[in-house]
Amino acid sequence: MKDRRSGEHWAGRLYMREISLRIDRHLVNTRVTPNQLTYLMTVFGVLAAPALLVPGVPGAVLGVLMVQLYLLFDCVDGELARWRKQYSMTGVYVDRVGAYLCDAAVLVGFGLRAADLWGTGRIDWLWAFLGTLAALGAILIKAETDLVGVARHQTGKPPVQESAAEPRSSGMALARRAAAALKFHRLILGVEASLLILALAVVDEIRGDLFFSRLGVAVLAGIALLQTLLHLVSILVSSRLK
C-alpha cells in the first residue's frame, strides 16, 4: 500500500500504516466488519467540525485528533477487508462519502471557528461563508475525479489508467507538474487543513485574536476555488475522457 504512486496519503506512508497494522491484529478474530469500521471512520471525520468549534488551541487539537482517527480507520477498514477478502461495494461507496465529509467538515468548522461564535463581539459570518465555500471547492474537486469514472462507465469505456492523467499539452503537463511540486492544493484536504488550523491557533493564542485563522480561511477558500477550476481543466485536456 505504501508503494502506491497515487491514492496513498503521505501520512499513511509516514506513520499511520505502521499504527493501523497494530490495530488490525486485535480485530481480525473479532466480529467487527470492515464496513462497520468505515462507518466509524466517517463519524470521526464529521466530528472534526464540532471539535473545531471549541475555542482556542484545545479545539484545534481536538480537530487534529478527530482527523487522525478518521485516517486511522480509513487504513484499518481496507486492511481488514483485504485480509478477510470481505470486499463490498457499499464499503467503497461509504469510504468515498466519508472522504467528502471529512474534508468538508474540517473546512466548515474552520470557517465557523474564524467567525468567533463564542466570542463577546459580533459574529462575523463572512468567515463562515468562506469556510463553506472552501468546503464546496474541496467536494467539487473530488467529484470531478469521481465523475471521470462515471462518464467512462456510462459510455462503456474501461476504468481510466493512471497514465491517462497526464495532459496531452506539454504546457499543461508542465503546469501540472509545477502544481504537484508546490503541493498547495493539499492544504484543503482534511489532514493538512487540520494541521494548518492547529498552527494558526497557536499563533492566534499568542496574539490574542483570530487574525491568522481568518487569513487562513481566506487563503484556503482562494485555493479551493482556483484548484476546482484548474483540476477541471486538467481533466478535460488529459486522456481520461478519451
Side-chain angles (χ1 to χ4, degrees), residues 9-12 14-16 41-74 98-142 178-231:
H9 195 275
W10 61 265
L14 184 62
Y15 61 88
M16 195 55 80
M41 171 204 83
T42 303
V43 169
F44 280 123
V46 171
L47 285 177
L52 288 170
L53 298 185
V54 177
V57 175
V61 172
L62 279 175
V64 170
L65 177 61
M66 292 301 105
V67 175
Q68 291 297 312
L69 288 171
Y70 160 85
L71 183 60
L72 172 62
F73 285 101
D74 190 26
Y100 278 56
L101 290 177
C102 180
D103 290 351
V106 171
L107 294 170
V108 169
F110 190 24
L112 291 171
R113 177 185 179 86
D116 198 16
L117 295 183
W118 316 122
T120 56
R122 179 179 64 88
I123 297 174
D124 196 336
W125 294 106
L126 170 64
W127 308 107
F129 169 75
L130 290 177
T132 304
L133 196 63
L136 177 61
I139 290 175
L140 285 175
I141 291 166
K142 290 183 180 298
L182 293 173
K183 299 188 185 303
F184 73 93
H185 59 285
R186 285 188 170 275
L187 288 175
I188 58 173
L189 301 179
V191 175
E192 288 81 354
S194 67
L195 295 174
L196 174 64
I197 293 167
L198 176 58
L200 295 176
V202 171
V203 178
D204 282 343
E205 186 73 19
I206 296 171
R207 282 179 52 95
D209 58 21
L210 291 170
F211 173 79
F212 282 101
S213 287
R214 289 175 170 177
L215 178 62
V217 171
V219 170
L220 293 188
I223 289 174
L225 292 177
L226 178 61
Q227 183 62 17
T228 300
L229 177 61
L230 294 179
H231 190 248

Considering all heavy atoms of both residues, which atom of [X] and which atom of [Y] are nearest to each other, and what is their separation?
{"X": "Val67", "Y": "Ala48", "answer": "CG2-CB, 4.0 Å"}
{"X": "Ile139", "Y": "Tyr100", "answer": "CG2-CD2, 3.6 Å"}
{"X": "Leu107", "Y": "Ile188", "answer": "CD1-O, 3.6 Å"}
{"X": "Asp103", "Y": "Lys142", "answer": "OD2-CE, 2.6 Å"}
{"X": "Arg113", "Y": "Ala60", "answer": "NH1-N, 3.7 Å"}
{"X": "Val191", "Y": "Gln68", "answer": "CG1-NE2, 4.0 Å"}

Hey, could you give me the [atom1]/[atom2] distance between [X] and [Y], rounded to the nearest 0.5 Å?
{"X": "Leu140", "Y": "His231", "atom1": "CG", "atom2": "NE2", "value": "11.0 Å"}
{"X": "Ile123", "Y": "Asp116", "atom1": "CD1", "atom2": "CG", "value": "8.0 Å"}
{"X": "Ile141", "Y": "Leu189", "atom1": "CD1", "atom2": "CG", "value": "8.0 Å"}
{"X": "Leu220", "Y": "Ile197", "atom1": "CG", "atom2": "CD1", "value": "7.5 Å"}
{"X": "Trp125", "Y": "Leu112", "atom1": "CH2", "atom2": "CG", "value": "6.5 Å"}
{"X": "Leu230", "Y": "Leu225", "atom1": "CG", "atom2": "CG", "value": "11.0 Å"}

Check your understanding: Within the distance-only criterion (no hydrogens, no angle test), does the side chain of Asp204 pair as donor or acceptor with the backbone N or O of Ser213 below 3.5 angstrom?
Key ->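 The answer is yes, because a donor-acceptor pair under 3.5 Å joins these two groups.
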
Point to revise | Within residues 50-73 or reaching into it, pairs that qualify as ring-ring contact (aromatic ring centres under 6.0 Å, His included) - sequence neighbours excluded | key: Phe44-Phe73

Point to revise | Any residue meeting side chain to side chain donor-acceptor pair (under 3.5 Å) with Arg122, in chain and number order, not counting sequence neighbours | key: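 Here no residue qualifies.
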
**Study point:** Tyr15 atom OH, over 12 foreign heavy atoms within 6.0 Å
**Key:**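 Atom OH in Tyr15 is packed in, count exceeds 12.
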
